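Beneath this line is the structure, given in structure tokens, with notes to follow.
Chain letters run A, B, ... following the sequence lines, proteins first and then strands; every chain starts at 1. Source: prediction; values computed, not measured.
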Protein chains: 2
Amino acid sequence: MSAESTRQEIVKAADRLFYERGFEATSFADIAAAVRLSRGNFYYHFKTKNDILDAVIALRLANTGRMLEAWESATDDPAERIRSFIRILVMNRAKILLYGCPVGSLCNELAKLHHAAKDDATSLFTLFRDWLARQFSALGREAESDALAMHVLMRSQGVAILATAFGDDDFIDREVEEMCAWLEAQRPAADHS
Amino acid sequence: MSAESTRQEIVKAADRLFYERGFEATSFADIAAAVRLSRGNFYYHFKTKNDILDAVIALRLANTGRMLEAWESATDDPAERIRSFIRILVMNRAKILLYGCPVGSLCNELAKLHHAAKDDATSLFTLFRDWLARQFSALGREAESDALAMHVLMRSQGVAILATAFGDDDFIDREVEEMCAWLEAQRPAADHS
DNA sequence: GACTTTGTCGGACATTCGTCCTACAACGCT
DNA sequence: AGCGTTGTAGGACGAATGTCCGACAAAGTC
């Protein structure tokens, strides 16, 4: 097995475990067991736990970037693109009910730990934020595009938190529907000048 | 010092530390140091870490209950009562920017840990949820009162998460204002029958 | 066929974790 | 004055933590 592919296996396993258990609660031994490597051997691939965290964030940034590009290629309609984002809540409902949002929970944990990588984790949000803002601009809401993007982000975070806390499946559907209705209402008023 | 007052000191310190650092990341030694007690002596007051968590949740339930009663005594206007809830985001902005929402982050962490006390933590949300639902009922929205309560809860959770991630002070103000505007729009349509 | 490189293994390390016990100081009661 | 209760101190316990090292198998290079 090449070093690079082993490294990727480690990062993939760490990505999953950091999401499911949290960063602090996941030990070297847990990740090692997940990829069936000896615990000590980790030192060869990653010097510290923070190095793994950096690699996981980099992986998520790359994956998120690809996902956003795919949504952008799928349609020219900005509203439909935004709906693609909103539908994450439905697509990933099973995992969200158990573990919440990977980005939100990581940012929250790193904030509490005053962790150096907190800003890197936040940049995952920034990726979504800027992409959503571009879609709202394309929708003709240039002036408020960033505020609208933050609003969409805010709603999906809130839905994820409550869905996890209550384990409520239907709540997700209701709020997603309401979010889509809100989105339709955001189309700019027709210009009668 | 009586055992009871020492116990309360411990629970108060644990409450703060669980909020600021998270449950898992807070050790017996941390709490002991905060109340200037020897680490080993904890066994006299609390047999296990879970016992402390239970006591912290009980304390939060009691404090939250008192807060809701105070809001209910302060005014007869249900909308103004709901605004009292929304204003938590402004009142506690400093701590929220650093650590997020105490309830949301605790529920999320306990969910990831598959912790037995997760449902107890969720009952903190339930307290707010039922109280908010009663206010919406009093506002004349009986049929949708629970959904509206969940919507308010969802928004405040989302605002807390993003405010923490971005450290954005103004974002809180903007979303609180928008939430109040949304609330005004929730008054039932006048009955013309 | 000797030599270097690459990736893995098993375990050592100091520390910290949650848990638990024993010894003792301070106090109220008789 | 002697006694029992109550609360604290200090430290022991095994397990687990993140970090790190030396030995070694497999593969490629000369």
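We find that A/E20 and B/K112 are not joined by a salt bridge, their nearest charged nitrogen and carboxylate oxygen being 4.0 Å or further apart.
Among residues at least two apart or in separate chains, side chain to side chain donor-acceptor pair (under 3.5 Å) pairs with a member in residues 152-161 of chain B are B/H151-B/R155.
Using cut-offs of 30° and 60° for the angle between ring planes, the A/F125 and B/F166 rings count as tilted.
Within residues 105-119 of chain B, no residue is approached by DNA chain C to less than 4.0 Å at the level of any non-hydrogen atom.
Checked by atom type and distance alone, the side chain of B/R93 pairs as donor or acceptor with a backbone atom of B/D169 at under 3.5 Å. A donor-acceptor pair under 3.5 Å is absent between the side-chain atoms of A/S123 and the main chain of A/T126, judged by distance alone. Using modelled atom types, one side-chain atom of A/R60 and one backbone atom of A/D15 make a donor-acceptor pair closer than 3.5 Å. A/E109 contributes a side-chain N or O that, together with a main-chain N or O of A/F23, makes up a donor-acceptor pair within less than 3.5 Å.
Atom CZ of B/F46 is separated from atom P of D/dG7 by 13 Å (rounded to the nearest Å). Counting to the nearest Å, the P atom of C/dG18 and the CG atom of B/L37 are 16 Å from each other. To the nearest angstrom, P of C/dC17 lies 12 Å from CG of B/L17. Distance A/I10 CD1 to C/dC9 P: 11 Å, rounded to the nearest Å. For the pair B/H45 NE2 and C/dC20 C1', the computed distance is 15 Å after rounding to whole Å.
Comparing D/dA9, D/dT6, C/dT6 by their closest approach to the side chain of A/Y44 singles out C/dT6.
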Listed pairs, N/O of protein and of nucleotides 17-20 of chain D, under 3.5 Å:
unit_1, atom_1, unit_2, atom_2, d
D/dT17, OP1, A/S27, OG, 3.4
D/dG18, OP1, A/K49, NZ, 3.1
D/dG18, OP2, A/F28, N, 3.0
D/dT19, OP2, A/K49, N, 2.8
D/dC20, N4, A/G40, O, 2.9

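OP1 or OP2 of D/dG7 has not a single side-chain nitrogen or oxygen of B/T6 nearer than 4.0 Å.
For A/F85 and A/F128, the ring centers are positioned less than 6.0 Å apart.
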